[in-house]
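See structure below.
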Protein chains: 2
Amino acid sequence: MGSPVFQPLYQQIKALLTKSLISGEWAPGTAIPSEMELAARFGVSQGTVRKAIDELAAENIVMRRQGKGTFVATHNEDTTKFRFLRIFAADGSKKLLDNKLLSCERAKASAAIAKLLDIKTGSAVIEIRRLLLFSNKPQILDRIVLPLASFKGVTAERIEAYNGSMYRMYETLQGIHMVRSEERLTAVGADAETAAALKLKAGTPLLSIERVSYTYGDKPMEWRLGLCLTDDHHYLNHLD
Amino acid sequence: MGSPVFQPLYQQIKALLTKSLISGEWAPGTAIPSEMELAARFGVSQGTVRKAIDELAAENIVMRRQGKGTFVATHNEDTTKFRFLRIFAADGSKKLLDNKLLSCERAKASAAIAKLLDIKTGSAVIEIRRLLLFSNKPQILDRIVLPLASFKGVTAERIEAYNGSMYRMYETLQGIHMVRSEERLTAVGADAETAAALKLKAGTPLLSIERVSYTYGDKPMEWRLGLCLTDDHHYLNHLD
DNA sequence: GAGTGGTCTAGACCACCAA
DNA sequence: TGGTGGTCTAGACCACTCA
């Protein structure tokens with residue numbers, strides 16, 4: 001009766017490690033203590049720590065490098081720079097050629113976006129609009145909304161400086177690392193404004209990609225809407 | 001120099017297990033031998049077998065059930081029936097209401113599809129067209145192409161009998177289990193034929209979902225094209 | 001209670017990296 | 001050469017299922 005819900009030791013270790021990540025004890029890109037050290041700190045065997053880290057590695061929260069150590073995942077690397085990008089050219093390649101900032105302004109959160117970001121309706125937010133170009137042709141119109149409270153350092157100049165690598169910028173400037181995202185895809189017709197920005201006729205079918213990104217502890221931190229022309233590109237997804 | 005490429009024991013065990021799955025030694029839905037038995041068979045420790053099975057379980061090729069055993073994954077279960085379905089209603093639910101078969105005919109593979117299915121252009125294939133309805137309204141127009149050589153038993157009557165659960169049918173009738181899929185999404189405008197089938201105006205934006213599904217050993221076995229109305233539904237994807 | 005997967009440990013040894 | 005993660009083993013014990 002009322003069994004106190006069994007929780008494996010390694011899950012508790014995993015929770016402790018996650019807590020340290022949330023607290024910022026180990027910054028993205030830096031090494032966490034060795035398995036032996038952690039085992040000693042928590043008073044468990046190395047194998048138990050290992051299993052906890054295994055799960056964090058499987059979730060891409062942490063990255064193991066044999067012979068070197070275990071590192072907090074970061075978007076500040078060529079290999080992980082486009083981790084969340086699922087848009088590929090018809091030939092399968094994955095290169096963004098250019099990126100043009102349209103605006104970066106303060107605004108108030110709409111009810112819908114506030115709910116998704118877990119903030120109050122009308123809260124101050126930063127709203128960014130940009131154009132992504134692939135072969136010198138505009139392909140994606142992006143609208144990005146960030147809670148101002150957590151992203152005070154975001155300015156047009158800095159976005160330009162980071163050349164549109166938003167997640168790198170969040171990490172470096174705000175110390176906020178995005179762990180995972182949820183995307184909702186639909187097909188829509190381009191409205192007049194979008195059509196003008198992308199230089200196409202109103203009503204042209206576009207892939208609409210709505211994304212919410214989460215940092216440690218499943219805290220939503222960014223909302224995005226991408227309107228994407230799919231003449232030469234597609235969204236690739238692996239199911240298993 | 002010329003190191004012979006180190007391969008862990010558990011990877012070799014995993015390969016042996018996969019071979020048994022390909023050969024059909026263990027059918028989908030049935031239990032594979034216990035970890036102890038496998039350890040004895042392969043002459044390794046139980047922990048090594050365990051690690052091999054861990055990877056197969058992570059890939060959804062096999063399913064562990066504590067206290068019962070390890071089972072070959074199947075689409076013949078309520079929990080796994082819609083494993084590859086990423087279409088959700090606006091409220092987040094996931095129920096297909098109905099499914100209407102339009103046609104099921106023999107045809108010859110086009111060059112593009114033949115390449116994806118790894119068969120010769122012009123090979124005999126089965127081509128299925130169907131309509132998926134959600135709230136009594138047609139939402140998805142599906143076109144499915146199967147290599148005839150492997151799917152001789154597929155007929156319109158049987159598709160009806162399985163009520164459109166194609167992967168269940170492939171498993172039961174053909175003994176073919178789909179392990180993973182790749183999907184390519186774009187936005188398109190409805191052509192005249194599609195518009196008629198879905199009862200909407202030509203040019204209406206639709207989500208185009210092209211899917212190739214693979215069985216054991218990464219062998220492509222099914223090609224699909226779904227044209228999906230996204231007024232009340234969306235494609236949900238988790239990135240991490 | 002017997003059998004299965006799940007956890008945890010302790011220790012040995014291997015592969016990889018940096019200095 | 002020493003430290004890190006990676007593999008492998010052997011054995012103990014726990015949680016779950018079913019007869």
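Convention: sequence-line order gives letters A, B, ...; per-chain numbering from 1.
Between B/I13 atom CD1 and D/dT9 atom P there is a gap of 8 Å when expressed in whole angstrom units. Atom CZ of A/F71 is separated from atom P of D/dG3 by 17 Å (rounded to the nearest Å). Summarising the geometry, the separation between CE on A/M36 and C1' on D/dG2 is reported as 13 Å, rounded to the nearest angstrom. C/dC13 atom P lies 16 Å from atom CD of A/Q46, rounded to whole Å. Distance CZ (A/R50) to C1' (C/dT9): 15 Å, rounded to an integer number of Å. Remark: P of D/dT9 and OH of B/Y10 are 13 Å apart, rounded to the nearest angstrom. Here the P atom of nucleotide C/dG5 and the CG atom of B/L38 are 8 Å apart, to the nearest Å. The interatomic distance linking B/L56 (CG) with C/dG5 (P) rounds to 13 Å, in whole Å.
A ring-centre distance under 6.0 Å is not found for A/H177 and A/Y170.
Judged by distance alone, the side chains of A/S213 and A/S181 do bring a donor and an acceptor atom under 3.5 Å apart.
Using a 4.0 Å heavy-atom cutoff across all strands shown, A/R65 reaches sugar-phosphate atoms only and no base atom.
The structure places CG of A/L173 at 10.0 Å from CD1 of A/I159, a figure rounded to the nearest 0.5 Å. Put simply, CD on A/Q46 and CD on A/E35 are 5.0 Å apart, with the number rounded to the nearest 0.5 Å.
Contact annotation: A/T70 side-chain N/O to D/dG5 OP1/OP2 distance is under 4.0 Å. Of the side-chain N and O atoms in A/K51, none sit less than 4.0 angstrom from OP1 or OP2 of C/dC8.
Set against C/dG6, C/dT4, D/dG5, the side chain of B/R64 has C/dG6 as its closest nucleotide. Distance from the side chain of B/L9 is smallest for D/dT9 among the nucleotides D/dT9, D/dG5, C/dA10.
Between A/R180 and the options A/D218, A/T215, A/N60, a side chain to side chain donor-acceptor pair (under 3.5 Å) holds for only A/D218.
Under the 6.0 Å distance and 45° angle rule, B/R65 counts as a cation-pi partner of B/F71. Annotation: cation-pi pair B/R211/B/F84 absent, no NZ/CZ under 6.0 Å from the ring centroid and within 45° of its normal.
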Its contact letters, B for base, S for sugar-phosphate only and - for none at protein heavy atoms under 4.0 Å, make nucleotides 14-19 of chain C read -BBSS-
